[in-house]
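Along the sequence shown, the residues carry numbers beginning at 1.
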Amino acid sequence: MKISALRLVALLFCALFMRAACCAFPDHPVRLVIPSGAGGVTDTLARALAQQMGTDLGQQIYIDNRPGASGIIGSEAVATSPADGYTLLMVFPSHAVNPSLFRSLPYDTVKSFAPVSLVSNVSMVLVVNKDFAGNSVKDLIDAARAHPGQLNFGSVGAGSLGHLGAELFCSMAGVKMVHIAYKGSPQVLSGVFGGEVNMYLVASASSVVPHIQSGRIKALGVSGNKRLLILPEVPTIGETLRGYDVSGWNGILAPAGTPKPVVDTLQKAIAKVVRSADFTRRLTAEGAVGVGSTPEEMDGVLRADVAKWAAVVKAAGIKAE
């Protein structure tokens, strides 16, 4: 009986070991949903991240662009997917803004997802026309105070990070400026070039560096709490407007209920890529900084941004377009 019992335990142990080995995550390709179109900064970073992660994990991670409705379409697709780690979502600040802009969402912004890791932080760049008389954030604030309601700022749409960041800027500086929404960043930049737009918080630093270097536009500040490596001479807005700190970010979410061992495996893979020399070079070129946070840290950032932008949206009376 003892031999049979031991034999049974051994067989059971072997069966469990073989099951764990054959079902180790991941054992087939992983889908990474991008809730925006191809070609943007988020898409570019996601593809680089997916390629390196796939190599490290031994499985392909393929990109699925699901643009539309301010990221809601792509987010819903992930929220309703199986919680097994094989469907992931690359989010950016609009994910935290949407609860304040829309009366109802087909998912809960926080509870429907399991945070995995922040990938990067991205500072916006405050640019003005080359003929603007001043050369600093203080000069812009002084001009806005001297001409209340006569200066404007452009954005890529109501509720975008550039719009909210500019509204927060005006609120903290105690000035009033008019918001002008455009279809996209190229259109806003054309407005800045032509003098139709007085101020623009542009999300992609890399897109304006050539124009800054050529003198076509002026960069007065960056929105985050640290200067950018690609624009080291441009101060942060917070160096003048104390407490101002607005950063875009990219992070990975999984459906709520995804097993912790799976989340941990993904988080470690992301952190490894983010800290690699090649990915760091890509981030620097985009004016971004790698993070590779824990799930708990990402959860904290997401919850803080939901509350932060809810206050700004309410105070400015912003409505979804």
Subject >> Exam field: side chain Asn129 to backbone Val192, donor-acceptor pair closer than 3.5 Å >> reply: yes

**OP:** Before giving the answer on side-chain contact (heavy atoms from CB on, under 4.5 Å), spell out for Phe153 and Leu201 the whole-Å C-alpha distance, their side-chain angles and the decisive distance to 0.1 Å.
**Re:** CA-CA 8 Å; Phe153 64 87; Leu201 278 171; over 6 Å; no

Original post:
Would you say the side-chain atoms of Gln60 pair up with the backbone N or O of Gly54, donor to acceptor, closer than 3.5 Å?
Top reply: no

Subject >> Non-hydrogen side-chain atoms of Leu101 and Trp309 separated by less than 4.5 Å >> reply: no

Subject >> Criterion side-chain contact (heavy atoms from CB on, under 4.5 Å) on Val289 and Lys226, from CA distance to verdict >> reply: CA-CA 10 Å; Val289 178; Lys226 293 182 179 179; over 6 Å; no

**OP:** Consider only side-chain heavy atoms of I, L, V, M, F, W and Y, link residues closer than 4.5 Å, and tell whether Leu49 and Tyr86 are in one cluster.
**Re:** yes

Subject >> Side-chain heavy-atom pair Pro115, Leu302 within 4.5 angstrom cut-off >> reply: no

Original post:
Within the side chain of Arg227, is there an N or O that forms a donor-acceptor pair under 3.5 Å with the backbone of Pro232?
Top reply: yes

Original post:
Any side-chain heavy atom of Arg31 within less than 4.5 Å of one from Ser81?
Top reply: yes

**OP:** Kindly determine whether Ile63 and Ile34 satisfy side-chain contact (heavy atoms from CB on, under 4.5 Å), including the steps that lead there.
**Re:** CA-CA 7 Å; Ile63 302 299; Ile34 313 299; 3.6 Å; yes

Subject >> Whether Asn250 side chain and Phe92 backbone form a donor-acceptor pair below 3.5 Å >> reply: no

Original post:
For the residue pair Phe113 and Tyr107, does the interplanar ring angle fall in the parallel (under 30°), tilted (30 to 60°) or perpendicular (over 60°) class?
Top reply: perpendicular

Original post:
Does Gly134 offer a backbone N or O that forms a donor-acceptor pair with the side chain of Lys218 under 3.5 Å?
Top reply: yes

Subject >> Worked verdict on Val209 versus Val125 for side-chain contact (heavy atoms from CB on, under 4.5 Å) >> reply: CA-CA 10 Å; Val209 167; Val125 182; over 6 Å; no

Original post:
Should the pair Tyr244 and Phe169 be assigned to parallel (<30°), tilted (30 to 60°) or perpendicular (>60°) ring geometry?
Top reply: perpendicular

Subject >> Carboxylate-amine/guanidinium contact Arg281 Asp278, below 4.0 Å >> reply: yes

Subject >> Ser276 side-chain N/O to Val273 backbone N/O, donor-acceptor pair under 3.5 Å >> reply: yes

Original post:
Short question: side chain of Glu239, backbone of Thr236 - any donor-acceptor pair under 3.5 Å?
Top reply: yes

Subject >> Heavy-atom neighbours of Lys138 NZ exceed 12 at 6.0 Å >> reply: no

**OP:** Measure the acute angle between the ring planes of His179 and His163, then classify it against the limits of 30° and 60° as parallel, tilted or perpendicular.
**Re:** parallel

Subject >> Residue pair Val291 / Ser117, side-chain heavy-atom distance below 4.5 Å >> reply: no

**OP:** Would you confirm whether Asp64, through its side chain, and Leu32, through its main-chain N or O, come within 3.5 Å as a donor-acceptor pair?
**Re:** no

Original post:
Short question: side chain of Ser293, backbone of Leu118 - any donor-acceptor pair under 3.5 Å?
Top reply: yes

Original post:
Taking Ser223 for the side chain and Val246 for the main chain, is one N or O donor matched with an acceptor at less than 3.5 Å?
Top reply: yes

